[in-house]
J.: 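Take this structure first; my questions come after.
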Amino acid sequence: MSGALTERAFVENLSSAGFVDVRVRERVPYGLDDLAAEPTFPADLVALMHRLLPPRLHARVGVRIVLEARAAQRPAPPTEPLSS
Amino acid sequence: MTDLLYKAEVQAMVRAIYRDVDREHSRPRTVRPYDQDRLARLPEQAARWAYGTGDPGRHAELRPGETVLDLGCGAGPDLVLAAQDVGPAGHVVGVDLLPEMCARARDNAVAAGVDVTVALAEVEALPLRDASVDVVLSNGVVSLSARKARLLHEARRVLRDSGRVVLADMTLDEEDLPTEVLLHPSAWAG
């Protein structure tokens with residue numbers, strides 16, 4: 001989660017990498033209770049987040065998303081001028 | 001966010017957490033991101049590892065004969081589902097950083113009776129040729145990478161023109177979490 005992007009940054013990164021038609025197919029908000037149920041989230045980390053995050057973020061830290069995009073056409077290779 | 005740590009430090013945290021994670025004591029199946037009908041297609045040993053951020057394969061609308069890459073395949077639940085969708089005429093490749101996960105993915109594919117290729121590699125340096133893949137899937141992996149731009153450029157490199165990428169991942173509403181949270185090892189891998 002520490003490496004998670006905002007949705008906007010995620011979309012911008014995809015566009016920069018050469019993807020087009022970026023669509024968000026699914027959004028599922030998650031909060032601290034959801035993180036507590038993850039096997040990779042120990043109780044001390046959830047307690048730390050409860051202590052340090054403003055209360056408005058406890059119910060919604062972010063969103064789990066599914067993004068779809070299409071690879072843009074690669075530019076055609078330059079053609080050699082015909083020799084006369 | 002990622003510039004608080006070196007790439008090697010991030011990788012070490014991710015390796016440590018996922019090497020030791022115990023799927024026997026994880027959250028109830030009812031809150032998994034997979035539909036029951038898709039979970040039912042997995043062998044029990046693979047379904048136990050079906051805890052991704054989402055179910056990208058459900059949105060990918062895979063077609064028989066397609067070549068699919070699963071970036072950071074873990075123990076392979078998405079790999080198995082993709083292999084079933086593309087059928088014997090297709091080809092599914094999984095790449096993961098952890099030898100333990102690669103071994104689990106191979107075992108789970110065998111248990112499911114599907115033929116896949118699993119490679120031990122970094123998702124930012126894919127061992128695939130340019131324009132060799134129709135669909136790239138990834139489930140909760142972009143957020144684990146310290147080099148996201150490189151990862152996404154690699155995904156684009158291996159995709160054919162007009163190929164699709166379907167990524168499930170966590171996003172944050174705020175740009176930054178408190179530093180103490182960002183530096184907690186488990187906050188990287190969760």
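Chain A is the first sequence line, chain B the second, and so forth, proteins listed ahead of strands; every chain is numbered from 1.
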J.: Given the options A/Glu68, A/Glu7, A/Gln73, A/Arg27, which has more heavy-atom pairs under 4.5 Å with chain B than any of the others?
T.: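 It is A/Gln73.
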J.: Taking the side chain as everything from C-beta on, heavy atoms only, tell me whether A/Val63 gets closer than 4.5 Å to B/Thr171.
T.: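 They are in contact (side-chain heavy atoms under 4.5 Å apart), so the answer is yes.
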J.: Determine yes or no for a side-chain-to-main-chain donor-acceptor pair under 3.5 angstrom, with A/Arg74 supplying the side chain and B/Arg157 the backbone.
T.: yes
J.: What distance separates B/Leu172 CG from A/Thr6 OG1, expressed to the nearest 0.5 Å?
T.: 8.0 Å
J.: Check for me, please, whether B/Leu120 and B/Leu144 land in the same ILVMFWY cluster - side-chain distances under 4.5 Å, paths through other members count.
T.: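 No, no single cluster joins them.
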J.: Given heavy-atom pairs under 4.5 angstrom as the criterion, report whether the side chain, backbone, both or neither of A/Arg8 touches chain B.
T.: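 Contact with chain B is absent: no heavy atom of A/Arg8 under 4.5 Å.
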J.: If only atom types and distance count, is the side chain of B/Lys148 paired as donor or acceptor with the main-chain N or O of A/Leu5 below 3.5 Å?
T.: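 It does not hold such a pair.
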J.: Of the listed residues (B/Asn139, B/Val135, B/Val136, B/Asp161), which shares the most heavy-atom pairs with chain A below a 4.5 Å separation?
T.: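 So the answer, after comparing B/Asn139, B/Val135, B/Val136, B/Asp161, is B/Asp161.
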J.: Please flag which part of B/Ala155 lies under 4.5 Å from any non-hydrogen atom of chain A: side chain, backbone, both or neither.
T.: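 Contact with chain A is through both the backbone and side chain of B/Ala155.
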J.: Report, by ascending residue number, the residues of residues 63-88 of chain B in heavy-atom contact with chain A at a distance under 4.5 Å; give 'none' if the set is empty.
T.: none
J.: I'd like to check B/Pro178 versus A/Met49 (side-chain heavy atoms, cut-off strictly below 4.5 Å). Are they in contact?
T.: no
J.: If you count heavy-atom pairs under 4.5 Å with chain B, which of A/Leu45, A/Asn13, A/Leu48 comes out on top?
T.: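 Highest number of heavy-atom pairs under 4.5 Å: A/Leu45.
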J.: Should B/Leu151 and B/Leu97 be counted in the same cluster of Ile, Leu, Val, Met, Phe, Trp and Tyr side chains packed under 4.5 Å apart?
T.: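 No.
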J.: Near B/Asp115 CG, under 6.0 Å, is it more than 12 heavy atoms from other residues, nucleotides or ligands?
T.: no
J.: Give a yes or no on whether a salt bridge exists between B/Glu180 and A/Arg51, defined as a side-chain N under 4.0 angstrom from a carboxylate O.
T.: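 Salt bridge: no.
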J.: If I measure from the heavy atoms of chain A, does B/Arg160 come under 4.5 Å with its side chain, its backbone, both, or neither?
T.: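 Just the backbone, heavy atoms under 4.5 Å.
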J.: Hey, are A/Arg64 and B/Asp169 close enough for a salt bridge, meaning a charged N less than 4.0 Å from a carboxylate O?
T.: no
J.: Work out which heavy atom in A/Pro42 is nearest to a heavy atom in B/His184; give both atom names and the distance.
T.: CG-CE1, 4.0 Å
J.: Could you state the interatomic distance from CZ (A/Phe19) to CG (B/Leu159), rounded to the nearest 0.5 Å?
T.: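 Spacing of CZ (A/Phe19) from CG (B/Leu159) equals 5.0 Å.
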J.: Using a distance-only test with no angle check, is there a side-chain donor-acceptor pair under 3.5 angstrom linking B/His59 and A/Glu26?
T.: yes
J.: In Å and rounded to the nearest 0.5 Å, what is the CG to NE2 distance from A/Leu14 to B/His153?
T.: 10.5 Å
J.: Given the options A/Val28, A/Val66, A/Val22, A/Leu57, which has more heavy-atom pairs under 4.5 Å with chain B than any of the others?
T.: A/Val66
J.: Assigning hydrophobic clusters by single linkage (Ile, Leu, Val, Met, Phe, Trp, Tyr; side-chain heavy-atom cutoff under 4.5 Å), is B/Val141 placed with A/Val24?
T.: yes
J.: Under a 4.5 Å cut-off applied to non-hydrogen side-chain atoms, are A/Val61 and B/Met170 in contact?
T.: no
J.: Is A/Arg60 reaching over with its side chain to a backbone N or O of B/Asp173, donor-acceptor style, under 3.5 angstrom?
T.: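 The answer is no, because no donor-acceptor pair under 3.5 Å joins these two groups.
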J.: For A/Arg56, is it the side chain, the backbone, both or neither that has a heavy atom under 4.5 Å from a heavy atom of chain B?
T.: side chain
J.: Can you find a heavy atom in the side chain of A/Leu52 that is under 4.5 Å from one in the side chain of B/Val181?
T.: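 When only atoms from C-beta onward are counted, B/Val181 and A/Leu52 do touch, with a gap below 4.5 Å.
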